[in-house]
Every structure is written in C-alpha cells, then in structure tokens.
Amino acid sequence: MTDTRPVALVWLRNALRVDDNPVLQAALDGGFRPVPVYVHAPGDAGRWPMGAAQRAWLHRSLAALDARLRGLGSGLVLRSGRAQAVIERLVAESGAVAVYGDRRVEPAWRALDQRLDAALARSGVRLEMRQAALLFEPDAESVRTGQGTPYRVFTPFWKTLRRQWPQDRPLPAPTSLPPLPALATGTLADLDLAPRTAWDTGFWEHWEPGGAGAHELLDAFVEGAAGAYDAQRDLPDRIGTSRMSPHLHLGEISPRQILARLADARWNARQKAGIEAYERELAWREFSHHLLWHFPHMQEEDFNPRFARFAWAEPAPQVLEAWRHGRTGIPIVDAGMRELWACGWMHNRVRLIVGSVLTKNLRQHWLAGARWFWDTLVDADLANNSQNWQWIGGTGADAAPYFRIFNPVTQSERFDPHGRYIRQWMPELAALPGKAIHAPWTQPALLARYAPAYPKTPVVDLAESREAALDAFRALR
DNA sequence: GGCGTCTTTGC
DNA sequence: CAAAGACGC
C-alpha cells in the first residue's frame with residue numbers, strides 16, 4: 001500500500017525521541033507522512049557551537065534514535081551544513097510541504113528559526129515549531145509576575161509553577177511509521193561528531209546515550225535514590241541524583257515523562273519530600289530557560305549590570321589550567337575536575353564548589369568556567385550553564401556575597417565526610433589517612449609521606465582570597 | 001549558604 | 001569547657 005499523504009520534515013534538534021514527541025505527533029496529526037531529520041549545524045550556533053563531550057554523546061544518541069526509527073519502519077536522515085540551506089534542499093528533494101521542529105531558547109537558534117520561517121514561507125512551506133523540552137513555554141501568559149514581567153527570582157517563579165504543575169500523560173510512541181522516501185540519508189560518520197582520538201572511551205562505562213539508556217536510568221532512580229533525593233542529592237560519593245541531565249538536554253526523554261514516572265510510583269510521606277525536592281530542581285531547569293528566553297544577553301553578559309565594574313582578576317592562564325585539569329591543590333576541587341574529565345559530567349554539589357573557587361577565590365570571570373564546562377560536559381546546556389555560572393559567580397539577580405563564597409574545605413567535610421569521593425577520583429591522595437584529605441596542606445608531614453606527588457599548598461590562599469573577593473563585592477555598592 | 005561572635009547545651 | 005546552635009553582616 002502506498003502512502004499518499006503529503007510529506008513533512010520532522011526536524012529534530014533537542015527532541016531525539018519518538019515517545020512523547022509533540023513535534024512528531026503534530027506532523028502525524030496534521031495528516032503528513034513524517035520524514036525525521038537531524039541537521040548538524042555548528043555554523044548556526046553562534047558563539048556556542050556544541051562542545052566536544054556533547055558531540056561524542058550526540059554521535060551515540062543519533063545512532064540510537066536511528067535504530068529506534070528503523071524499528072518503527074522509518075529512519076533518520078542525517079545532514080550537516082547551514083541548517084537553512086540543508087532544510088531547503090531537503091524540502092526540494094522530498095517534496096515536503098511542511099517542516100515541523102522543536103523550539104529552542106538559545107538566541108542563535110531562535111534567530112535561525114526566524115530566518116528559516118521567512119525563507120520557507122516564500123516557497124509556500126509552513127514551519128511549525130513545538131515545545132518538546134520544557135514543561136512550560138518560557139513566554140507563557142501564566143508564568144508572569146503580578147506586574148506582567150518575566151520572573152527574575154526563583155522562589156516566586158517556583159510558587160507560580162507549582163500552582164499549575166502539569167499532570168498530563170506523555171504522548172505514546174507511534175506503533176509504526178511510514179518508510180522514508182527515496183532520499184540520500186547520509187551517514188553518522190559524515191557528521192564528524194565522534195572524537196578523532198579515543199579520549200571518550202571511559203565515558204561509556206558510566207553512560208548509555210539514547211532513549212533506552214535514559215529510561216533505564218530513570219527506572220533506577222525511581223526505584224533507588226528518588227525517595228531520599230532531598231537528603232542524598234548533595235553527597236557526591238554515592239548515586240543520590242538522577243543523572244538525567246544529558247538525556248534531558250538532547251530530549252532523549254522529556255521532563256513530562258519524568259514527572260509521569262514519578263507520579264506513577266507509590267511514595268510514603270518521607271519519600272514525598274524527596275520527590276518534591278527533585279521536582280524543584282526540574283523547576284530550576286525551567287527557570288534557566290525562562291531567563292535565557294527573556295534575557296538572551298545572559299549567555300555571556302552579566303545578568304546584573306552592576307558587575308560591569310567588578311574587579312575580576314586578570315586572566316591567569318596557568319591558574320586556569322591548574323583548575324581545568326584538577327591541579328589546584330584543593331582535593332575536593334581537583335576531584336571534581338577529574339570526574340568531569342573522566343565522565344563528561346560532575347556531581348552538582350561539586351560543580352558549585354569548583355565554580356565558587358574559580359570565580360571567588362581565583363576571581364576568574366565566570367565565562368572562563370562556563371566555556372570549559374561547555375566543552376567538557378555531556379549535558380552542556382546554554383540556559384542551565386549560563387544561569388548556574390552566573391548564580392555561583394554572583395552576577396545573577398540574587399547575588400549574596402557572604403553565602404556564595406563557599407569554603408571548599410568546609411564543603412568537602414560536610415558533603416564528602418569520609419573522603420570517599422576524593423579518593424575515588426584522586427588516586428594520588430588515596431593513601432592519605434582520615435580528615436587530612438580535605439585540607440592536606442595543614443598536615444605537611446602526612447602529605448609528604450602519603451601523597452608526595454600532590455601540591456604542597458593550594459594555588460591560592462583561601463582566607464586571603466575570600467577577603468579580597470568580599471572587598472571587590474563591597475566596591476560595587 | 002560563610003564566618004565571627006555570643007549563647008546554650010551536654011557531660 | 002568544648003561543641004553545637006543562633007544571629008547578623
């Protein structure tokens with residue numbers, strides 16, 4: 001039986017799934033024959049082309065999506081180039097009369113969508129964008145302050161979201177899809193996403209990119225850490241978090257699917273507090289996207305304009321290099337940076353600590369940290385990355401200088417009390433006994449005996465640099 | 001949420 | 001009298 005429906009391209013950017021996919025569903029509901037497409041378009045990403053770690057992840061994620069689509073009778077068309085030219089060419093090749101895509105908040109992608117919409121309209125092709133990544137549209141009428149302005153502070157934003165927290169069921173995956181028309185589908189290798197040297201092999205002991213890996217991880221979270229999330233999420237030596245971020249970023253799974261899975265499980269009163277804490281973190285993700293949508297400059301400019309006068313330290317390449325590669329002499333910081341290098345991911349509590357040390361103690365601009373994370377994180381997301389770095393750097397709306405200059409030693413003692421996380425990522429410190437692991441420079445004899453290869457002192461004096469940062473903050477008043 | 005200071009607690 | 005708690009910047 002031949003499929004006589006008109007063709008629509010289903011252009012997937014960060015919606016790499018077939019289930020709960022409003023983009024695919026809209027094309028089907030519109031009576032179209034869907035042609036799934038991924039366009040690798042680094043030239044369209046402005047100053048934030050996808051980093052190396054995420055490209056390595058994407059390579060595997062696209063392979064998984066292609067296999068899933070083939071299983072349904074379809075497949076994935078892979079192309080690279082400038083997205084507008086590629087889409088226009090695919091429209092011509094396939095005879096598509098509509099293009100469906102997933103909406104993004106990144107300024108460069110929004111600009112592309114505007115250009116593409118105008119270009120397609122000239123040839124009578126509709127561009128239909130759908131929200132596939134967020135629970136709330138960032139410009140939703142129902143997500144405004146009393147004055148009708150976008151939120152700039154998380155707590156009132158969260159209160160508003162909670163009042164209308166979604167309960168709807170995810171869309172089911174289609175049971176089958178029509179075959180692709182005769183088109184050159186391209187190969188994954190053509191996209192040149194996988195690393196040339198095999199620096200990423202260690203990643204895949206920790207991760208399984210793609211929808212199946214995402215749902216397995218979600219199941220493990222719901223059956224394991226979710227109910228104690230509020231108590232355990234800050235302890236990096238165990239699996240206390242969901243680790244959904246890379247899957248969420250590429251849309252291998254949707255936040256609505258996560259909410260539904262959590263709602264389907266039975267929780268006692270104690271566990272409900274854990275789930276509530278987790279949902280609050282999903283709301284932080286919504287908040288970051290809300291902010292970047294309304295304040296697009298925050299991808300690289302201070303959210304709080306007062307910081308234009310802030311006395312950042314001169315860029316210090318050697319200090320930055322020590323931070324990047326985990327040679328600061330502060331064990332919890334070095335452990336985090338090593339975890340990042342090894343896994344393409346870092347526990348969120350440790351992200352806060354390394355961010356505080358970089359921006360407050362070393363007083364390097366938050367963008368220096370944001371750029372390193374951008375290249376090394378498999379979950380790199382412009383909205384989350386910019387928002388989190390501005391939060392820890394103090395340039396966000398709610399700067400609180402006294403509280404955000406973390407003492408990395410206190411943080412280490414509180415959140416990694418037995419030093420298990422440090423020892424896991426810092427073999428050269430593993431033999432150091434007891435509490436000395438948090439601040440080995442205070443125990444020079446132990447350091448010399450058990451960890452001779454480790455720096456004798458931190459790259460920066462923590463007390464002194466804290467005072468200097470406070471002075472710099474006070475100068476802004 | 002950090003730190004200095006003052007107060008309370010617990011043995 | 002040391003450790004934990006409360007408070008203000």
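Only heavy atoms go into these numbers, but all of them, side chains included; no hydrogens, no water, no symmetry mates. Throughout, protein chains are lettered first and strands after them, A, B, ... in sequence-line order, and every chain is numbered starting at 1.
Taking 4.0 Å as the cut-off between side-chain N and carboxylate O, A/Arg256 and A/Asp168 count as a salt-bridged pair. Using a cutoff of 4.0 Å between basic side-chain nitrogens and carboxylate oxygens, A/Arg162 and A/Glu276 are scored as salt-bridged. Ion pair A/Glu128/A/Arg130 flagged as a salt bridge, since at least one NZ, NE, NH1 or NH2 atom sits closer than 4.0 Å to an Asp/Glu carboxylate oxygen. A salt bridge is defined here as a Lys NZ or Arg NE, NH1 or NH2 lying under 4.0 Å from an Asp or Glu carboxylate O, and A/Glu428 with A/Arg338 meets this definition. A salt bridge links A/Asp230 with A/Arg270: at least one charged nitrogen is closer than 4.0 Å to a carboxylate oxygen. For A/Asp302 and A/Arg306, the salt-bridge test fails: no basic side-chain N is under 4.0 Å from an acidic carboxylate O.
In this structure, A/Asn388 places its CG atom 14 Å from P of B/dG1, rounding to the nearest Å. To the nearest angstrom, P of B/dG1 lies 16 Å from CD of A/Glu413. A/Asn348 places its CG atom 14 Å from the C1' atom of B/dG1, with the value rounded to the nearest Å.
A/Arg474 comes within 4.0 angstrom of no nucleic acid atom, judged by non-hydrogen atoms across all strands.
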Which pairs, protein N/O on one side and nucleotides 4-6 of chain C N/O on the other, fall under 3.5 Å?
none

For nucleotides 2-5 of chain B, tabulate all protein N/O to nucleotide N/O atom pairs closer than 3.5 Å, reporting atom names and distance.
| from | atom 1 | to | atom 2 | distance (Å) |
| --- | --- | --- | --- | --- |
| B/dG2 | OP1 | A/Gln411 | NE2 | 2.4 |
| B/dG2 | OP2 | A/Arg414 | NH1 | 3.2 |
| B/dG2 | OP2 | A/Arg414 | NH2 | 3.4 |
| B/dG2 | O4' | A/Tyr402 | O | 3.2 |
| B/dC3 | OP1 | A/Asn407 | ND2 | 2.8 |
| B/dC3 | OP2 | A/Asn407 | ND2 | 3.3 |

Quick one, A/Gln364 with A/Thr359, criterion side chain to side chain donor-acceptor pair (under 3.5 Å). Give me CA distance, side-chain angles, the key distance, then yes/no. CA-CA 5 Å; A/Gln364 295 292 300; A/Thr359 57; over 6 Å; no

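Proximity of A/His418 to A/Ile437: side-chain heavy atoms (C-beta onward) are nowhere separated by under 4.5 Å.
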